[in-house]
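Order of the sequence lines fixes the chain letters, A, B, ..., with proteins taken first and strands second; residue numbering starts at 1 for each chain.
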There are 2 protein chains.
Amino acid sequence: MENLSKYKEKLASAGLRATKQRLMVCKLLFGQKQTFHFNIEDISRLANKSFNKKISLATIYNTVNEFKKKGYLKEISLKGNKTFYDTNTKHHHHFYDEDMSQLMDIEDKNVSINYLPKIPNGKKIRSVEVLVKIEDIK
Amino acid sequence: MENLSKYKEKLASAGLRATKQRLMVCKLLFGQKQTFHFNIEDISRLANKSFNKKISLATIYNTVNEFKKKGYLKEISLKGNKTFYDTNTKHHHHFYDEDMSQLMDIEDKNVSINYLPKIPNGKKIRSVEVLVKIEDIK
DNA sequence: TAATAGATTAGAATAGTTCTAAAGTATTGA
DNA sequence: TCAATACTTTAGAACTATTCTAATCTATTA
Ligand SMILES: [Mn+2]
Ligand SMILES: [Mn+2]
Ligand SMILES: [Zn+2]
Ligand SMILES: [Zn+2]
């Protein structure tokens, strides 16, 4: 696993020691070819499946939260009571198929907004997120 | 309270009997001059404050969920673990001040989207929601 | 190796939501 | 009218997601 040093760097920069469990979490989060959307339970299940190893939920929550603070992960604005995360940290948008509970990325460059209302006084825009809800045709 | 019959109709159309508690919830939700954003706890607190009456959380959850199904309320796609609702059921968008945890409506007509990517096969758009995150200047 | 610092983890605590069964209300039919 | 019965509502219990805590485990240092 030649990405190990990458992960160690990432952990160090988030102020976290590179422990076995955290390196596993890193591999699951950042070792995939594609970015993806997940919740905490997904990572727990993936750890069991991929490494035959149970990582305590506390460790997953802690690690994910620290990575979120650092900007290595983003939380997704979504309905429902479970928190969803995104390993795609580039600014982008989403298709959301509510029936399938399925999220798909839309690249920022594939959306263009003509105009927005004036921003409240003393405030400026941090980001503009578009959520396109889709459903089966008829 | 001359809106009582309005509320009774609303409840009936959602398949709910008009009980004291539900009429209170209706008054809190639909008896305001302006639409607003809320969570379940807000309604519970408002009931205490406005009517000096405790309404069981179950009743509030049930009523709100039925109204949501009926389209009399909308759930808001937002980060965080509390569910937020909107009494504004017209299609619209939001400013969100993350620091203040403050939502503000943007009328649909004040947003214009130039283009979107092609929709996945067999799907069509149900809605397009824009969330503009704002922050203090500087 | 012993002392210390730091990390992990299980389980407790908390918070949000859903479920359930006792209590309440409506309907039926004598 | 008024039991008997069926259906509905509600309070609180149960459950689930998340965070907190403190005991245990591991790594580092000297
Ligand atoms: Mn949410
Ligand atoms: Mn629009
Ligand atoms: Zn995404
Ligand atoms: Zn709104």
Respond yes when some side-chain nitrogen or oxygen of B:T59 is under 4.0 Å from OP1 or OP2 of D:dT9, and no when none is. no

Establish, with yes or no, whether the OP1 or OP2 oxygen of C:dT9 is under 4.0 angstrom from a side-chain nitrogen or oxygen of A:Q21. yes

For atom CG of A:N39 and atom C1' of D:dA17, their distance in whole Å: 10 Å

For the residue pair A:Y72 and A:F30, does the interplanar ring angle fall in the parallel (under 30°), tilted (30 to 60°) or perpendicular (over 60°) class? perpendicular

Quick one: is D:dT19 close enough that its OP1 or OP2 comes under 4.0 Å of any side-chain N or O from A:N65? yes

Qualifying residue for side chain to side chain donor-acceptor pair (under 3.5 Å) with B:D105, from B:H37, B:Q34, B:H93: B:H37

Write down the distance between NZ (B:K20) and P (D:dT10), rounded to a whole number of angstrom. 9 Å

Given that B:I55 and A:N62 both sit by DNA chain D, which one's nearest nucleotide is further toward the 5' end? B:I55

From the candidates D:dT9, D:dT18, C:dA10, the one with an atom nearest any side-chain atom of A:A58 is C:dA10

Contact under 4.0 Å: B:Y61 side-chain N or O vs C:dT17 OP1/OP2: yes

Figure out the CZ/C1' separation between B:R22 and C:dT25, and round it to whole Å. 12 Å

Send over the distance from B:I43 CD1 to C:dG16 C1', rounded to a whole Å. 16 Å

Could you please name the option among D:dA17, C:dT25, C:dG16 that lies closest to any side-chain atom of B:R17? C:dT25

Cationic N near anionic O, under 4.0 Å, A:K124 to B:E135: yes

Give a yes/no on whether any side-chain N or O of B:T19 is located under 4.0 angstrom from OP1 or OP2 of D:dT10. yes

Nearest whole angstrom, please: distance from the C1' of D:dA11 to the NZ of B:K54. 7 Å

Between C:dT9 atom C1' and A:K53 atom NZ, what is the distance in whole Å? 11 Å

Considering non-hydrogen atoms only, spot the tightest contact between B:Y7 and B:C26 and give its length. CG-CB, 3.6 Å

Measure CG/B:L11 against P/D:dT10 and give the value in whole Å, please. 10 Å

Where each residue is assigned the nucleotide of DNA chain D containing its nearest heavy atom, which of B:S56 and A:N81 is assigned the position nearer the 5′ end? B:S56

Please work out whether the ring planes of B:F38 and B:F36 are parallel, tilted or perpendicular, with thresholds of 30° and 60°. tilted

Of the nucleotides D:dT18, C:dT17, C:dT8, which one has an atom closest to the side chain of B:I40? C:dT17

Value in whole Å for how far the C1' atom of C:dA26 lies from CG of B:L16: 16 Å

